[in-house]
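Worksheet: the structure to be examined is printed underneath.
In what follows, chains carry the letters A, B, and so on, assigned in the order in which the sequence lines appear, proteins first and then strands, with residues in each chain numbered from 1.
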Amino acid sequence: MLSVRTITENPQMVAERLKVKNFEAGKLIDEITTLDTQRRHIKSALDTSQAESNRISKQIGLLFREGKKEEADRAKEQTSELKEKIKELQQELSGTESLLSDLVVQLPNIPHGSVPPGNTPGDNKLVREGGSRPALGRDALPHWELARKYDIIDFELGNKITGAGFPVYKGKAAKLQRCLISFFLDEAVNAGYTEIMPPVLVNEDSAFGTGQLPDKEGQMYYVGLDNLYLIPTAEVPLTNIFRNEIIPFDELPRKLTSYTPCFRREAGSYGKDVRGLNRLHQFDKVEIVEIAHPDSSYERLEAMTSYIESLVVKLELPYRIMLLCGGDMSFHASKTYDFEVFSAAQEKWLEVSSVSNFESFQSNRMMLRYREKEGKKINNAHTLNGSALALPRIVAALLENNQTPDGIRIPDVLAGRCGFDIIDS
RNA sequence: GGAGAGGUGGCCGAGUGGUCGAAGGCGCACGCCUGGAAAGUGUGUAUACCUCAAAAGGGUAUCGCGGGUUCGAAUCCCGCCUUCUCCGCCA
């Protein structure tokens, strides 16, 4: 969430910038400003009363020590009214604070100045593209057909065990999955990311910290008995490592990577676009997360983008990088690049990565700060993350693009790890 | 899951109703000392919020978290979380 100070000190700037996300913020900002003024008045009054109460208590202590019991008792009587007042003010304050945060949480993050306006994916800007599309014959099969043909991914079996959206990988596909994960992790470690293996269940505070709660609980699987959520992405546990922390200046940027399975309910999304591996309830993903100084977070975003690009290049996949327009960006992001690979049999671009700078939107809600080099000032750090990469759609594209009459060719960079260079029979 | 013992500042550790945001030590920062360093020595060293044009200063809250008792709670009571020891269960 935006900090209340940002909102109240630059109301017109915030409103103006949020228009790029097609968000009309004027009314909300007014309400926030009013509530915040109220909050400060109440806090002020409360502080004064508590100071008074502390003063009297101290006096009573002194009187007792001096043996002036009657005076002390008289002083006690004084306090009952004050106590009542303090209690009222406290209730008023916490009421106002929760109203305020209910409102603040509704404001999306401010888009960066370079984010183009627009509503739909059609308004996204092509940043660059690379790789070449394979020339497939007319009989080219989509990956779900290939999966059946070579008996490597079993969607029906997943239905039996769990339900739709939980495929079972078998044989060479299972191994390919494992090798992709280790390939992505090794690459990330070589690029300076520290490998982490976090829990895949998180508590409420963590889910709030990265912004899944309060609004998006419907997208997460929830374990009610223990009040825990299955992570929709490793971003959640990784970023929350730093919740309530103050990072020394010279430790920035912090760079982490992690493989985790990811769980998404994605309620109600069935149909042609979600066939096969295109959209799943459980999938594997390697994620990169950075905690950066505000002055260099956009450099980090570009660096992360180049890093992810190096992966799709090594996998020899045709890809393009899109700069998302304001309307297509997530609620939390300031700037996002999407990576798409071309899946040649479906003849579709599939999103395989999304890299975003959240600026201080997440760090503000999770109190993730850094200490400035000079002056010891403390500020919110910037958080960034990106998929590097999400497996299923990569696998879909690999299967479709590399199909030959003899089988599915495995790119060189993976063949060594896998111990095979073709999926046939 | 059962029984018992704990959770205090960056760390160690004292504190069982008032003068305690918290002794002492370590660490860290700056200074003195030194040719330089070590040792020694002096000072400083939490976070959030309110107040203030800003800084300085002042105020409030925070001793795992949340409630309660009390004029007053790190200290007493209740619930939760968590760590350790023992028992049980278990990949």
Watson-Crick or G-U wobble partner of [N], both distances under 3.5 Å:
{"N": "B:rG24", "answer": "B:rC12"}
{"N": "B:rA29", "answer": "B:rU43"}
{"N": "B:rG7", "answer": "B:rC81"}
{"N": "B:rC86", "answer": "B:rG2"}
{"N": "B:rC52", "answer": "none"}
{"N": "B:rG18", "answer": "B:rC71"}

Distance between [atom1] atoms of [N] and [M] (Å, rounded):
{"N": "B:rG66", "M": "B:rU82", "atom1": "C1'", "result": "15 Å"}
{"N": "B:rA74", "M": "B:rA23", "atom1": "C1'", "result": "14 Å"}
{"N": "B:rA22", "M": "B:rC63", "atom1": "P", "result": "13 Å"}
{"N": "B:rC28", "M": "B:rA37", "atom1": "P", "result": "16 Å"}
{"N": "B:rU41", "M": "B:rC26", "atom1": "P", "result": "9 Å"}
{"N": "B:rC49", "M": "B:rU34", "atom1": "P", "result": "46 Å"}
{"N": "B:rA55", "M": "B:rA61", "atom1": "P", "result": "23 Å"}
{"N": "B:rG58", "M": "B:rU45", "atom1": "P", "result": "12 Å"}

Legend entry - Salt-bridge criterion met for A:K27 and A:E24 (N-O under 4.0 Å): no
Legend entry - Short N-O contact, A:D424 and A:K172, less than 4.0 angstrom: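 A salt bridge links A:D424 with A:K172.
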Tell me what [X] touches on the nucleic acid: a base, only sugar-phosphate, or nothing, going by heavy atoms under 4.0 Å.
{"X": "A:I246", "result": "sugar-phosphate"}
{"X": "A:R55", "result": "nothing"}
{"X": "A:I56", "result": "nothing"}
{"X": "A:L46", "result": "nothing"}

Legend entry - Parallel, tilted or perpendicular: rings of A:H281 and A:Y221 (30°, 60°):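 A:Y221 and A:H281: perpendicular rings.
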Legend entry - Most 5' of A:K76 and A:G61 on RNA chain B, judged by nearest nucleotide: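 It is A:G61, whose closest nucleotide lies nearer the 5' terminus.
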Inset, instruction - Specify the residue among A:I378 and A:S57 whose closest nucleotide of RNA chain B lies further upstream toward the 5′ end. - result: A:S57
Legend entry - Sub-6.0 Å ring centroid separation between A:H382 and A:F358: no
Inset, instruction - Establish, yes or no, whether a centroid distance under 6.0 Å links the rings of A:H293 and A:Y370. - result: yes
Legend entry - Beyond-backbone contact of A:Q90 with A:Q50, side-chain heavy atoms, under 4.5 angstrom: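 They are in side-chain contact.
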Legend entry - Contact check, side chains of A:T305 and A:F339, non-hydrogen atoms, under 4.5 Å: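 Contact flag for A:T305/A:F339 side chains = yes.
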Inset, instruction - Give a yes or no on whether the backbone of A:E351 and the side-chain of A:R393 come within a donor-acceptor separation of less than 3.5 Å. - result: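 Side chain of A:R393 to backbone of A:E351: a pair is present.
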Legend entry - First-last contacting nucleotides on RNA chain B - partner chain A, under 4.0 angstrom, heavy atom: B:rG18 to B:rG72
